[in-house]
2 protein chains.
Amino acid sequence: MSLHDDLLEKARASGLRRTKALEAILTCLADHNRPMTLAELTSCGHLSDQCDKATVFRLLQRLSDKGMVRRLGLHERAAYFTLLLPGVHRDYLICTDCGSIEPIDAPCPVHKLEEEIRQETGFVDLYHELEFFGRCPKCASA
Amino acid sequence: MSLHDDLLEKARASGLRRTKALEAILTCLADHNRPMTLAELTSCGHLSDQCDKATVFRLLQRLSDKGMVRRLGLHERAAYFTLLLPGVHRDYLICTDCGSIEPIDAPCPVHKLEEEIRQETGFVDLYHELEFFGRCPKCASA
DNA sequence: GTAATTGCAAATACTTTGCCACGTA
DNA sequence: TACGTGGCAAAGTATTTGCAATTAC
């Protein structure tokens, strides 16, 4: 079963209806494998073209409520949304010039600290976000 | 020399004029010791009351250009701004319910990874942001 | 005196909601 | 059929800019 089918199934199981917009959004997020803005998703080829941004927005909201999507702030004015896959954590490397976003594959070194914070502060539902910003080689040489 | 004076001096040295608004903003940021939004700064007691938000915005922009302030996205719709002190790096713990923001005093475990990324990717001017999100004990029990 | 800075107001950008039509279950 | 969902359009919130008046140097 593909990632896309898996996600769709999960969304269905959590109460969402199987609509074109839902499929399009899940496909788009899964294909790109990086956080995307509402605008990007709304104009993301194939099926998404047909979806109003309000629809995409509300779907992302629902998916976020179900814990399948997370909303990020990455310095841009627009919010970013990314798939939340069980057991998968991802950090990002972002170019402050051209805005490119790429996932970092190195293991995240923060989990230990997160555990300490959980115990010392009593915070619950703890998670973290880690982003690296800089200028990519291409932008740096330009 | 106080932190405030130190900052003012630095701002002056980098070409900014010594105005009421500049002083007010530096004071406010230094006093609060945490990221603040444009709205917070604009209505931050004492002197800041007198500053238009456009003024505060443009000053933050200039301070950011000079490397004295950094702009953060912390999940809220509004952007946050924080002082950038030489040699000081700060991570934050944020309550997703009440929005409280507190600095984490534990040493940041990310510098090693940052160095690896610098070397492997060729990114320059690299820095990172690390935030922990969760619900604080007060909100969790409510 | 000159150039940076300010305030006000308007423009822009992005997000969020209301309402009724529509499609899925 | 019933209720979640979709599209359109409008409202809301935050950011950003234009311009003339003011202020720091």
Side-chain angles (χ1 to χ4, degrees), chain A residues 7-28 35-44 46-66 68-82 96 99, chain B residues 5 7-28 35-44 46-66 68-82 99:
Chain A
L7 289 167
L8 190 52
E9 171 110 353
K10 194 167 163 188
R12 290 278 296 107
S14 70
L16 298 183
R17 291 189 175 178
R18 174 179 187 136
T19 64
K20 249 180 186 165
L22 177 62
E23 288 204 55
I25 288 173
L26 292 177
T27 301
C28 200
M36 300 179 72
T37 64
L38 187 57
E40 281 178 315
L41 281 164
T42 303
S43 63
C44 163
H46 308 309
L47 299 158
S48 303
D49 272 334
Q50 314 167 8
C51 301
D52 190 82
K53 67 181 188 310
T55 300
V56 178
F57 172 77
R58 281 183 284 219
L59 261 174
L60 286 168
Q61 207 168 239
R62 283 172 216 144
L63 287 167
S64 183
D65 288 343
K66 312 289 186 191
M68 294 185 59
V69 155
R70 177 170 293 161
R71 181 177 186 147
L72 311 171
L74 298 181
H75 277 200
E76 300 296 315
R77 200 149 136 184
Y80 281 78
F81 298 87
T82 187
T96 49
Chain B
D5 290 337
L7 290 167
L8 190 53
E9 172 111 354
K10 194 167 166 190
R12 290 280 296 107
S14 70
L16 298 183
R17 291 190 174 177
R18 173 178 188 133
T19 63
K20 250 180 185 164
L22 177 63
E23 287 205 55
I25 288 174
L26 291 178
T27 302
C28 200
M36 300 180 71
T37 64
L38 186 57
E40 282 178 315
L41 280 164
T42 302
S43 62
C44 164
H46 310 308
L47 300 159
S48 302
D49 272 336
Q50 314 167 8
C51 302
D52 190 82
K53 67 179 186 311
T55 300
V56 178
F57 173 77
R58 282 181 284 215
L59 261 175
L60 287 169
Q61 209 168 236
R62 282 173 218 144
L63 288 167
S64 182
D65 288 344
K66 313 289 186 191
M68 295 185 58
V69 154
R70 177 170 292 159
R71 182 177 185 148
L72 311 171
L74 297 182
H75 275 202
E76 301 297 315
R77 202 152 135 183
Y80 281 78
F81 298 87
T82 188

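Chain letters run A, B, ... following the sequence lines, proteins first and then strands; every chain starts at 1.
Between the CD atom of B/Glu23 and the P atom of D/dT23 there is a distance of 16 Å, given to the nearest Å. As rounded to whole Å, 12 Å separates atom C1' of C/dA4 from atom CG of B/Leu22. The distance from atom CG of A/Leu63 to atom C1' of D/dG4 is 14 Å, rounded to the nearest whole Å. Taking atom CG of residue B/Leu8 and atom C1' of nucleotide D/dC25, one finds them 15 Å apart after rounding to whole Å. As a whole-Å value, the separation of B/Glu76 CD from D/dG12 C1' is 16 Å. Computed from coordinates, the A/His75 NE2 to D/dA14 P distance equals 18 Å when rounded to whole Å. A/Glu40 has its CD atom 11 Å from the P atom of C/dT15, to the nearest Å.
By the 4.5 Å heavy-atom criterion applied to side chains, A/Thr27 and A/Leu8 are not counted as neighbours.
The heavy-atom pair separating B/Leu38 from B/Lys53 by the smallest distance is CD1-O, 4.0 Å. Between B/Cys51 and B/Thr42, the shortest heavy-atom distance links the atoms O-CG2, 3.6 Å.
Taking the salt bridge (Lys or Arg N to Asp or Glu O under 4.0 Å) definition, one finds that B/Arg62 meets it with nothing, sequence neighbours left out. With sequence neighbours left out, the side chain to side chain donor-acceptor pair (under 3.5 Å) criterion links B/Arg18 to B/Glu23.
Residue B/Ala39 is classed as having no contact, given no heavy-atom separation below 4.0 Å to the nucleic acid.
OP1 or OP2 of C/dG7 sits under 4.0 Å from a side-chain N or O of B/Thr55. For the OP1/OP2 pair of D/dT13 and a distance below 4.0 Å, the side-chain nitrogens and oxygens of A/Arg77 include no atom meeting the criterion. Look at B/Arg62 and you'll find a side-chain N or O under 4.0 angstrom from OP1 or OP2 of C/dT5.
In this structure, A/Leu60 CG and A/Arg71 CZ are separated by 9.0 Å, a value rounded to the nearest 0.5 Å.
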- [ ] At under 4.0 Å between heavy atoms, which parts of nucleotides 17-25 of chain C does protein reach? Answer with one letter per nucleotide, 5' to 3': B base, S sugar-phosphate only, - none.
- [x] BBB---BBS

